[in-house]
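Step one of this worksheet: look at the structure below.
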Amino acid sequence: MTSISLQSISKSFDNNKNFAVNDITLKILDKEFLVILGESGSGKSSLLRLIAGLEEPTLPGDILFDSKNMKEVPPRNRDVSMVFQSYALFPNMTVFDNIAFPLVASESNKLDVDTEVKRISSLLKIEDLLERKPSTLSGGEQQRVGLGRAIIKQPKVFLMDEPLSNLDAALRAELRTEIKKLHNKLQVTTVYVTHDQTEAMTMADRIAILKDGKIIQVGTPEEIYNNPAHSSTAEFIGSPPMNLIKVQADNNILTVGSQKIAFSNSASGSIVMGLRPENITVVGNNGKLSGTVSFFEYLGDSKIINLTIEDELIKIKVSDTTGISIGDKLSIDFNVEDIRLFHVNGNSMK
Amino acid sequence: MSQFKKNNTRYIRYMLLLAASLWVLWPISIMIEEGFRVDIGPLFSGRGASFIGEFFQGQGGIRFSTIEYVKALRIEAYPRLLINSVIIAGSSVLVAALAGVPAAFTLALYNFRGKPFITYSLLALRTISPFAVLLPFFLIYGRLGLFDTYRGMAIVYLIINLPVLTLMMRGFFKDIPKEIYEAAFISGASNSYVLRRVALPLALPGLAAAAVFAFVGTWNEFFYALFLTGTVTKTVSRGVWSGFSESIESFKILEFDELNAGGTLAIIPAVILALAVQKYLARGLTLGAAK
């Protein structure tokens, strides 16, 4: 039962010249699975480490667990657990000792170590590995041990720092489901850091998107997918991501090169039009825009047509490309409600 | 062509290494050789070398013999010197490790005011000339009654061993990935628990290397031993220089064959220890700078 509240938190590693985390205010709800999504260098790991207490905020700012200020509380007394990208298992200890570590190491523990380790290891399906050393395990098994070590002490908060980034694709998908299942079962407030938008979309209750140390959007996966607050968010989410097309706006008319789309809006001058590849359909003729087929990408279940419209390359997601070949003239259509407009600086227009 | 060039530079490198090692091994080889020689001339003193007809019979002169080793170990006070050295070096290294390991842990993991000063002070201790501190030690030891005592010698060698243990262990502790420490602290472990159960087991080979390095350094140390030990605590390094006799107190004329045998015996433990940890020794000597 813990909510986390960050109140104007900043972190600089070079005497306030650059800020890895720049004045972030964020409320993480009780039992929530919040994913912090950002590219490398966006400050997402620093933010997580600030919550853990492994870093101290540079400027005045508070981190509250429920209503308790964590300022003077060292990491070991914050009652959080952390899962690391590098697993960070103790190489000199067996799997059993690794999982039991939080119980054995803290004086205040009242749980029975043997019973708890058995329970956790069967939950994570690693009960056969208990006598092994971490170096003899696969990456996926090692991270299961890491998860076991994190959940055994029943913390108030789980912090996960790109836990799946070192695993191959199949394992990643498997453990993704597993972590989500664990969260549903344990109902512990979780902050999960990743650069992988698929992880963010599939696991999150809410996503916070971080760029250059600032939060540019917080919302449910649906909200972020449907209404990106910034063109960089639009580019980050979805596969393939949203098409961003330079257009001229004037009097409720958007102009792409020489082609015009009627769309009621208040903008004028140079702006950016966003359109999701899956919201575009190919029509015989009389579509809203037309262009030339440049190349195809095959995704298995679907195909991407790359269409050149007056110097702009647009991706269209379709299930079938029969009868279309490179060089063909193609007309495309879409609902104008699916259009999203952005200022040239990236901010979305409302 | 390039293969030829590559081979050539390799030969040159080997030749240089060979020359360097010969330069180092030359005096040692002389010592070892001299230790195995005995001058049996004095047995025939007064009679001179024997001749039968015009042929030299070889009763006098130099012979190969292990007699000096037997004498050193069986008859004379040499074992006592070895024991003194083991006691002094061992206790000094033990105390240095007890103090230096926690200090190294703190220096490796935490930032605090005065940390650079402490680090450089430790480094400065390594560079101080023994002459600078010998006289103060001499005076203080005289007053405190520490002259020629095991305690006194163990303390004086802390000057060498504490910086070695601390700086080397700091390097080994820093070699352990940061996340391992963080995982341990977040799990709720205290500083001393992390040191005892996580850091020290992982840095154990490093601790062995640092301890051996300090032990061998103390074993070989001569200057402080020369001035601060007496008939009770005389160490093997001093004994090899000043000679040893039937008892540690007695004085006798220097016999070079005997000293060379003693010297050869004295380097054996040092060489064995160094070989045992040589893999970690090179890394430890860079104080954690190289990985």
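Sequence lines set the chain letters: A, B, ... in the order given, protein chains first and strands last, and positions in each chain run from 1. Computed from a predicted structure; not experimentally measured. Note that these values count all heavy atoms, side chains included, but never hydrogens, waters or copies made by symmetry.
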Closest contact, heavy atoms only, B:Phe185 versus A:Arg76
O-CB, 2.9 Å

Say you draw a straight line from CE of A:Met93 to CZ of B:Arg197; how long is it, rounded to the nearest 0.5 Å?
8.0 Å

Heavy-atom pair with the smallest gap, counting every atom of B:Ile180 and A:Phe90:
O-CE2, 3.4 Å

Step through the shown structure and confirm whether more than 12 heavy atoms of other residues, nucleotides or ligands are within 6.0 Å of CZ on B:Arg196.
yes

Does anything in residues 49-58 of chain A form a side chain to side chain donor-acceptor pair (under 3.5 Å)? List the pairs, not counting sequence neighbours.
A:Arg49-A:Glu55, A:Arg49-B:Glu182

Given heavy-atom pairs under 4.5 angstrom as the criterion, report whether the side chain, backbone, both or neither of A:Leu89 touches chain B.
backbone

Between chain A and each of B:Ser190, B:Ser187, B:Ala184, count heavy-atom pairs under 4.5 Å; write down the option with the most.
B:Ser187

Could you tell me which portion of A:Arg78 (side chain, backbone, both or neither) has an atom closer than 4.5 angstrom to a non-hydrogen atom of chain B?
neither

Would one find more than 12 heavy atoms of other residues, nucleotides or ligands at under 6.0 Å from atom CG of A:Asp14?
yes

Given a strict heavy-atom distance threshold of 4.5 Å, which part of A:Val83 is in contact with chain B: side chain, backbone, both, or neither?
neither

Chain B shares the most heavy-atom pairs under 4.5 Å, among A:Ala88, A:Pro155, A:Ala150, with A:Ala88

Would one find more than 12 heavy atoms of other residues, nucleotides or ligands at under 6.0 Å from atom CD of A:Glu39?
no

Under 4.5 Å from any heavy atom of chain B - which part of A:Ser86:
side chain

Which atom pairs, one a donor and one an acceptor, fall under 3.5 Å between side chains of residues 95-114 of chain B and the rest of the protein, sequence neighbours left out?
{"residue": "B:Thr106", "atom": "OG1", "partner": "B:Pro102", "partner atom": "O", "Å": "2.9"}
{"residue": "B:Tyr110", "atom": "OH", "partner": "B:Asn191", "partner atom": "OD1", "Å": "2.4"}
{"residue": "B:Asn111", "atom": "OD1", "partner": "B:Lys115", "partner atom": "NZ", "Å": "3.3"}

Rounded to the nearest 0.5 Å, what separates atom CZ in A:Arg149 from atom CD1 in B:Ile186?
9.5 Å

